Structures are given as C-alpha cells and as structure tokens.
Amino acid sequence: MTKSLFIQGGQIIDPSQGIEAIGNLLITEGKISWLGKGKETPPQPDYDILNAKGLIVCPGFIDLHCHLRQPGDEEKETIATGTRAAARGGFTTICCMPNTSPPLDNQTAIEFIKSKSASEGVVRVLPIGCISKGRKGEELSEMGELASVGVIAFSDDGEPVLSSYLMRQALDYSRAFDLPIIDHCEEKALTEGGQMNEGVISTRLGLRGIPSAAEEIAIARDLALAELTGGRLHIAHVSTEGSVELIRRAKDKGIKVTAEVTPHHLTLTEERVLGYDTNAKVNPPLRTKQDIKALIQGLNDNTIDIIATDHAPHTEADKLCEFDLAPFGISSLETALGSLMGLVHSGEISLVTLITKLTHEPARIIGNRYGGLGTLAIGAPADVTIFDPNLEWVVEPKDFASKGKNTPFAGETLKGRVMATIYGGNLAYKDENIKIKEK
Ligand SMILES: [Zn+2]
C-alpha cells in the first residue's frame with residue numbers, strides 16, 4: 001500500500017462541487033479519499049504532507065485539443081515528451097488529435113496510442129479518432145470500431161470537413177455513440193495561401209490574409225447540419241467575434257453545440273505578427289482586440305464552453321524560415337495557465353471561471369466513460385493541479401519539456417505558475433520549491 005498524500009492548507013477550488021475554500025485534501029491509493037474545509041484533518045494519521053499554503057488546489061486540467069505528433073513526426077513531439085509538457089502545464093488529461101501519420105482512423109492506431117501512453121506517458125491520454133478514412137474527407141471512418149476502443153470524439157482537425165454531405169453523415173452516425181464531432185472550421189476557398197488575419201496589418205506586411213468570414217461560413221454550415229441531424233457538434237479554436245455570435249444564437253435555439261477557445265486567441269492579437277515572427281503564425285490566425293473582447297464575453301456567458309490549448313509543437317528548423325513557408329502552430333501546454341492568468345489578474349475572467357473551463361466543462365464534453373474526471377469528489381481519480389496564482393516567471397522555451405520550442409511568449413514574464421501536478425495519486429510534475437514532508 002502506497003503512503004497517502006495530504007495536501008494541506010491550499011485554496012481548494014472545485015467548480016464541479018461548488019467548493020471554494022481554504023482546506024485540506026487527502027489522496028489514498030490513487031483516489032481522492034477525504035476533503036475537509038478549514039483546519040479539519042482526516043482520521044487516518046499515516047500520510048506525507050504537501051504544504052499548499054498560498055496555492056490554489058483544483059482538479060487536474062483537461063485539454064480537449066492537442067497534437068502529440070506520434071506516430072510519424074517524433075522529431076516534433078512524442079507521447080513521452082508531450083505528456084511531460086502537459087504535466088508541467090497542470091494538465092492531467094489530454095486528448096490527442098488524429099492528424100498523425102498514419103492518421104488515427106482505425107482500431108490498431110488507437111491501441112498504439114493507448115499502449116504507448118500507458119508505458120511512456122505521465123498523464124492520461126485520450127485519443128480522438130478520424131471522421132474520414134485517412135483524413136481524406138471522402139468516406140467515413142469506421143466510427144463504430146473507433147468508438148468501441150474508446151475514442152472520445154471524432155475529428156479531421158488540421159483540415160476542415162469540406163463535404164457537407166460527409167459532415168451530415170458524421171453528425172448523424174455519431175449519435176449512436178453519443179460522441180461529439182469536432183470540426184476545424186475553415187472555408188478553404190477563402191484561406192488558400194493565407195498567412196495571417198486579413199486586415200490593415202496583413203496589407204502592410206504584404207501577407208495574404210485569412211478573413212473572419214472563412215471561419216464563420218464553416219461554422220454556420222456546421223450549425224445548420226447539427227440542427228438537421230441532432231448530432232453533437234464541437235467547434236475547435238473559435239477565433240472571431242462573428243463566430244461567437246453564431247454559436248450564441250445556435251445555443252439559444254437548442255442546437256447541440258459546444259465550443260472551445262485557445263489561450264493564444266484569448267491573449268494575443270494579430271500585431272504579434274509584425275516583425276514576421278513565425279512563432280505567432282497559427283491557424284486560425286491571431287485576430288483583433290475586438291475579437292478577443294467577444295471571445296472573453298463568450299467565455300463569461302458560457303457561449304464558449306472550454307479552453308483548449310491546440311498545442312502544436314514544431315521543430316526549430318520548421319519555424320526558422322520565411323513567414324510564408326513556416327507551418328502553423330504554437331507549443332502551448334506549458335504557457336497556457338500563465339498566459340490565461342493574465343485575464344484573471346486584469347479582472348476579465350474570474351479564477352473560478354478559468355478553472356471551470358479547464359476542468360469541469362471539458363469533463364462534461366468527454367462524458368462518463370472515463371469516470372470522475374475534472375472533479376475532487378471523494379472516490380474520483382486523484383488528478384490534482386496545484387498552482388501559484390501570483391508567481392512571476394519568464395518563459396524560457398529551452399526549459400520546456402515539449403520538443404516544440406515554438407512560442408510567441410518566449411522571454412515574456414507571466415504571472416501564475418504550476419507548482420505540482422498529481423495524476424492518479426502520483427506526482428507527474430513538481431516544482432523544486434515544493435517539498436513533501438514525511439509525517
Ligand atoms: Zn485545427
């Protein structure tokens with residue numbers, strides 16, 4: 001029997017149970033075994049102590065959207081490095097997109113992810129299966145087979161589902177498994193060759209723009225198809241004011257839609273591209289202040305359900321080139337909390353809202369098949385994130401556990417840092433300043 005761990009004196013925030021109080025938490029045999037407010041201590045005396053005074057203690061973060069690059073692009077990331085990056089970022093569950101090579105469009109590929117993450121990963125990895133065979137957008141994948149081996153959603157992310165007919169079929173068929181269809185909404189006819197947000201800055205830089213309409217047209221189509229079929233639609237990386245409005249109206253109508261926003265779309269504008277920083281090249285592109293305002297409003301009124309990283313690691317060589325040639329993507333697992341805490345410190349979102357969007361809400365989208373995620377309820381898996389909301393630190397990409405050092409936050413000071421991440425009762429990450437005392 002492993003020794004229990006007593007997390008003492010932290011500010012416990014668990015939106016799933018409406019808990020927001022200074023208190024203590026006990027972990028036994030990989031599960032949450034006891035929770036007490038104030039100075040209450042558990043009856044069981046034999047435990048190690050982690051002093052969490054001044055720190056936030058919350059359910060482990062869940063990322064519904066990341067790219068682990070394995071199999072096929074192991075020079076960019078692997079399950080081993082990606083899950084370590086996740087742990088450093090406070091994530092205990094990450095859902096990996098199937099745009100690997102080969103893509104995750106069959107049972108064997110999903111089994112590979114599951115066994116690799118069990119043997120080499122340090123946090124939980126939940127796979128997402130392809131919508132179409134080979135991500136070619138032509139023919140549905142064997143969705144039933146994929147569902148039977150535990151995918152939590154279907155997506156051809158990286159690319160949109162171009163055929164409305166295929167999207168209709170996918171939404172229709174997915175109802176049998178009650179799993180969401182995640183679409184990367186992009187009207188390709190409007191984005192061909194696009195490099196950044198379309199506007200004054202793209203004109204000034206001489207870069208081809210990607211208009212907001214490219215995203216909004218695709219979202220409007222998907223919402224119409226979700227309404228037609230009654231299927232569950234999840235919209236990836238929402239980036240524009242118009243998209244937020246479309247989703248808000250669809251929710252009012254009762255359409256089954258959920259939506260996510262990334263940390264970078266909430267915190268960075270298109271101005272980051274001035275100077276041609278390829279690390280600010282992302283798809284959908286960084287937008288405007290007005291879009292950010294609408295995205296934050298969408299988070300606050302629950303039009304946008306969750307925050308997901310869209311962690312997209314690339315090698316240095318990939319990004320060390322002309323802007324036009326660089327691939328899209330930001331390595332974001334390790335800066336997510338620090339950058340998002342900026343919105344809490346400025347009063348734009350509350351700490352509880354932030355934690356809800358990283359824990360309870362993504363757990364609701366995943367559903368019950370993995371049981372008790374995103375909560376500190378007694379008996380739930382002991383997935384716990386402990387962070388200092390006020391600690392300032394400088395982003396040094398060379399210190400990332402991720403192989404992807406591609407971040408527009410390099411050299412920036414962020415306020416808010418993960419101090420420890422506990423996955424299934426084990427420490428997946430611990431800052432050197434966190435000491436565990438044997439009792
Ligand atoms: Zn995408």
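One-based numbering, in listed order, for ligands and for the atoms of each. Please read these numbers as outputs of a predicted model, since none were measured by experiment.
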Original post:
List-wise, which protein N, O or S atoms are found short of 2.8 Å from the Zn ion (ligand 1)?
Top reply: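 Those protein N, O or S atoms (cut-off: under 2.8 Å from the Zn ion (ligand 1)) are D157 OD1, H184 ND1, H237 NE2.
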Subject >> Any pair counted as salt bridge (Lys or Arg N to Asp or Glu O under 4.0 Å), so long as it reaches residues 357-386, sequence neighbours left out >> reply: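 Only R124-D383, E361-R364 qualify under salt bridge (Lys or Arg N to Asp or Glu O under 4.0 Å).
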Subject >> Qualifying salt bridge (Lys or Arg N to Asp or Glu O under 4.0 Å) pairs with a residue from residues 385-403, counting only residues at least two apart or across chains >> reply: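 Found none.
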**OP:** Please work out whether the ring planes of F61 and F387 are parallel, tilted or perpendicular, with thresholds of 30° and 60°.
**Re:**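 Rings of F61 and F387: tilted, 30 to 60°.
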**OP:** Anything under 30° is parallel, anything over 60° is perpendicular, the rest tilted; go ahead and classify H184 against H237.
**Re:**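 Perpendicular.
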Original post:
Do NZ/NE/NH1/NH2 and the carboxylate oxygens of R221 and E187 come within less than 4.0 Å?
Top reply: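 Not counted as a salt bridge, because no side-chain N and carboxylate O are separated by less than 4.0 Å.
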Subject >> Any residue meeting side-chain hydrogen bond (donor to acceptor under 3.5 Å, both in side chains) with S331, in chain and number order, not counting sequence neighbours >> reply: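 Partners of S331 under the side-chain hydrogen bond (donor to acceptor under 3.5 Å, both in side chains) test: S402.
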